[in-house]
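As a basis for the values below, the full set of heavy atoms in this structure was taken, side chains included, without hydrogen atoms, waters or symmetry mates.
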Amino acid sequence: MDIETVLMGRAFVGGELKYTEIGISEGKIVAVGSYVSGGENRVELGTSMTVLPGFVDPHVHLRDPGMTQKEDFSTGTLAAVYAGVTTVLDMPNTKPAVYNMTTLNEKKSHVKGRSYADYGLFAAITPDTNAAMMSKYVPGFKLFMGSTTGNILLNDDEELIPAVRAALDTGKRVSVHAEDDSLILHEPERCTRDHLRNRPAEAELNAIRRLAKNFANERINICHVTTPEGLDLAKKAGFTTEITMHHMMFEVDRDKDAFYKVNPPLRDINTRDALFKRFIADEFTMFGTDHAPHTLAEKQQDFDSAPGGMPGVETTMPIVMNMVRKNIIPLSQAVRMGAVAPGQAFSLPKGEIKVGMDADLAIFDMRKVTAIDAKQLHSKCGHSQYAGREAIFPDTVIIRGEVQVEGAEFCGERRGVDIFG
């Protein structure tokens with residue numbers, strides 16, 4: 001196979017940052033080493049550039065179809081690409097919810113040709129889901145044990161256990177919104193502290209306990225873990241875990257209004273700080289942004305009426321890269337949690353710079369620190385809880401060998417494809 005392009009520079013390969021030449025052909029990485037011969041197009045990157053695998057976000061809600069006033073597949077994936085996120089896995093609680101072949105095929109048809117990033121579409125687990133039939137066409141299955149956006153709740157063990165078993169038997173991973181709905185209250189809410197009262201930590205812990213009792217050491221992924229105790233239970237059970245930026249950054253007594261209303265909820269400052277320490281100790285498997293945008297008008301309603309969720313796909317990894325710059329976490333952890341682990345967890349040809357993988361790359365100039373400006377972000381929702389925070393956005397983003405962002409400006413097209421056809 002003729003090599004089309006060779007990128008030359010400092011790249012994160014095999015667990016370390018070193019001078020590397022990366023040969024690319026037909027959208028794939030075909031050679032990696034200190035010297036790669038050939039290549040009509042040989043690109044020498046500056047010494048200030050750091051080449052990383054494109055990031056994989058295993059948990060986004062792009063609201064398409066059915067709620068496109070909040071976000072759509074084009075705006076959401078454009079936001080992702082600007083962050084160096086070259087692959088997104090979209091959750092099934094759209095309208096209609098995706099839980100059978102009919103709704104999956106309808107959504108696949110609806111979003112085809114409209115994505116800037118590569119993607120996969122999750123299917124929800126319900127008593128009627130035919131997991132064996134759907135497994136070939138999805139990255140994984142999503143179980144909602146706690147009520148949230150969409151009406152695909154499944155929290156009764158009599159139905160839950162056989163449905164999850166059927167999904168696991170396909171070999172796919174099951175991502176779980178782990179809040180035991182029987183422990184969620186529905187009292188009136190005026191602030192995030194009230195929301196926390198209604199969705200106590202015990203709801204998370206009991207959901208994970210129930211999963212551990214029935215599915216220990218199986219392909220279960222606990223989404224948006226919010227407590228150290230939940231992390232301990234998940235790790236003991238052999239589950240993979242996601243951590244969100246908002247559960248590490250915000251807390252109920254400072255961040256009180258509906259813009260900070262999320263499911264599961266923000267916790268108190270002590271829980272948040274303990275969770276952050278466990279993140280610093282590198283105990284989580286991967287980042288999952290739980291990008292869940294709503295319109296400004298929706299978030300400006302009274303607290304009880306406002307929907308839960310906040311955007312994050314365009315800000316999480318740039319904030320993480322600034323953490324690397326400040327030596328809060330090592331680059332190896334950022335790459336593992338942001339690319340390698342989610343790529344491996346969902347069996348994607350993504351997330352590592354090695355032969356055979358898709359040529360998805362995010363190239364950073366670690367000197368270029370900026371303050372997040374909500375007006376410059378690309379989500380349709382038009383607001384961000386991270387405005388003003390320091391971040392490092394990528395200079396160049398490449399998807400399957402094609403440059404999508406150069407000089408921090410978009411120059412590509414809607415070339416994203418469904419990884420699962």
Checklist entry - Run the salt bridge (charged side-chain N to carboxylate O under 4.0 Å, His left out) check on K107 and D90 step by step: do they pass? => result CA-CA 11 Å; K107 184 170 178 177; D90 188 48; 2.7 Å; yes
Test of ring centre spacing under 6.0 Å for [X] and [Y]:
X: F287; Y: F279; answer: yes
X: Y137; Y: F420; answer: no
X: Y119; Y: F73; answer: yes

I need the minimum non-hydrogen distance between [X] and [Y], along with the two atoms involved.
X: E298; Y: A306; result: O-CB, 3.6 Å
X: I29; Y: I353; result: CD1-CA, 3.9 Å
X: A178; Y: I222; result: CB-CG2, 4.1 Å

Next on the checklist: Determine whether R199 and E204 satisfy the following criterion, salt bridge (charged side-chain N to carboxylate O under 4.0 Å, His left out), listing intermediate values before the conclusion.
Outcome noted: CA-CA 9 Å; R199 303 179 82 108; E204 174 173 287; over 6 Å; no
Next on the checklist: Quick one, K142 with V176, criterion side-chain contact (heavy atoms from CB on, under 4.5 Å). Give me CA distance, side-chain angles, the key distance, then yes/no.
Outcome noted: CA-CA 6 Å; K142 180 69 180 284; V176 185; over 6 Å; no
[X]/[Y] ion pair, N-O < 4.0 Å:
X: R165; Y: D169; result: yes
X: E26; Y: R400; result: no
X: D180; Y: R210; result: yes

So, taking the atom named [atom1] in [X] and the one named [atom2] in [Y], what distance separates them when rounded to the nearest 0.5 Å?
X: K375; Y: I372; atom1: NZ; atom2: CD1; answer: 15.5 Å
X: L78; Y: E71; atom1: CG; atom2: CD; answer: 9.5 Å
X: M248; Y: I319; atom1: CE; atom2: CD1; answer: 9.0 Å
X: I243; Y: D290; atom1: CD1; atom2: CG; answer: 11.0 Å

Next on the checklist: Once salt bridge (charged side-chain N to carboxylate O under 4.0 Å, His left out) is applied, do any residues pair with E4, and if so which ones, sequence neighbours excluded?
Outcome noted: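 With sequence neighbours excluded, E4 shows a salt bridge (charged side-chain N to carboxylate O under 4.0 Å, His left out) to no residue whatsoever.
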Checklist entry - Does D257 have any salt bridge (charged side-chain N to carboxylate O under 4.0 Å, His left out) partners at least two apart in sequence or in another chain, and if so, which? => result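 D257 satisfies salt bridge (charged side-chain N to carboxylate O under 4.0 Å, His left out) with no residue once adjacent residues are dropped.
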Side-chain donor-acceptor pair present, [X], [Y], cut-off under 3.5 Å:
X: N263; Y: E179; result: no
X: T396; Y: E406; result: no
X: R414; Y: S74; result: yes

Can you confirm whether [X] is buried at [atom1], in the sense that more than 12 heavy atoms of other residues, nucleotides or ligands lie under 6.0 Å from that atom?
X: F284; atom1: CZ; result: yes
X: D2; atom1: CG; result: no
X: M133; atom1: CE; result: no
X: K172; atom1: NZ; result: yes

Which donor-acceptor pairs under 3.5 Å do the side chains of residues 340-351 make with protein atoms, sequence neighbours left out?
{"unit_1": "Q344", "atom_1": "NE2", "unit_2": "E352", "atom_2": "OE2", "d": "3.3"}
{"unit_1": "K350", "atom_1": "NZ", "unit_2": "D118", "atom_2": "OD2", "d": "2.5"}
{"unit_1": "K350", "atom_1": "NZ", "unit_2": "D358", "atom_2": "OD2", "d": "2.8"}
{"unit_1": "K350", "atom_1": "NZ", "unit_2": "D360", "atom_2": "OD2", "d": "2.8"}

[X] side chain to [Y] main-chain N or O, any donor-acceptor pair under 3.5 Å?
X: T316; Y: T289; result: no
X: S379; Y: C381; result: yes
X: T77; Y: Y116; result: yes
X: E159; Y: P127; result: no
X: H383; Y: H294; result: yes
X: T285; Y: T241; result: yes

Checklist entry - Would R272 and E251 count as a salt bridge (charged side-chain N to carboxylate O under 4.0 Å, His left out) if you check the C-alpha gap in whole Å, the side-chain angles of each, and the deciding distance to 0.1 Å? => result CA-CA 7 Å; R272 183 206 66 177; E251 51 93 4; 5.1 Å; no
Next on the checklist: A side-chain contact here means heavy atoms from C-beta on lying under 4.5 Å apart; do V13 and V32 qualify?
Outcome noted: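 Answer yes - side chains close enough.
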Item to check | Beyond-backbone contact of Q404 with P394, side-chain heavy atoms, under 4.5 angstrom | outcome: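 No, side chains not in contact.
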Checklist entry - How are the rings of H59 and H224 set to each other: parallel, tilted or perpendicular (split at 30° and 60°)? => result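 Rings of H59 and H224: tilted, 30 to 60°.
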Item to check | Parallel, tilted or perpendicular: rings of F250 and Y260 (30°, 60°) | outcome: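 Ring orientation, 0 to 90° scale: perpendicular.
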Next on the checklist: Between K277 and D273, does the salt bridge (charged side-chain N to carboxylate O under 4.0 Å, His left out) criterion hold? Intermediate values first, please.
Outcome noted: CA-CA 6 Å; K277 287 179 181 177; D273 289 352; over 6 Å; no
Item to check | CA sep, side-chain torsions, deciding dist, call: H247, T244, side-chain hydrogen bond (donor to acceptor under 3.5 Å, both in side chains) | outcome: CA-CA 6 Å; H247 288 118; T244 72; 2.8 Å; yes
Checklist entry - Of H378, Q376, H291, which meets side chain to side chain donor-acceptor pair (under 3.5 Å) against E314? => result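 Single side chain to side chain donor-acceptor pair (under 3.5 Å) partner of E314 among H378, Q376, H291: H378.
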Next on the checklist: If you apply the rule side-chain contact (heavy atoms from CB on, under 4.5 Å), what do you find for L153 with D181, and how did you get there?
Outcome noted: CA-CA 8 Å; L153 176 68; D181 202 64; 3.4 Å; yes
Next on the checklist: Could you go through S48 and R367, starting from their C-alpha distance and side-chain angles, then the distance that decides it, and tell me whether this counts as side-chain hydrogen bond (donor to acceptor under 3.5 Å, both in side chains)?
Outcome noted: CA-CA 8 Å; S48 64; R367 305 170 302 176; 3.3 Å; yes
Next on the checklist: Run E106 and T103 through side-chain hydrogen bond (donor to acceptor under 3.5 Å, both in side chains) and show every step you take.
Outcome noted: CA-CA 5 Å; E106 286 174 352; T103 49; over 6 Å; no
Item to check | Criterion side-chain contact (heavy atoms from CB on, under 4.5 Å) on V335 and L331, from CA distance to verdict | outcome: CA-CA 6 Å; V335 173; L331 180 62; 4.1 Å; yes
Next on the checklist: T75 vs L62, test: side-chain contact (heavy atoms from CB on, under 4.5 Å). Steps then yes/no.
Outcome noted: CA-CA 8 Å; T75 58; L62 299 186; over 6 Å; no
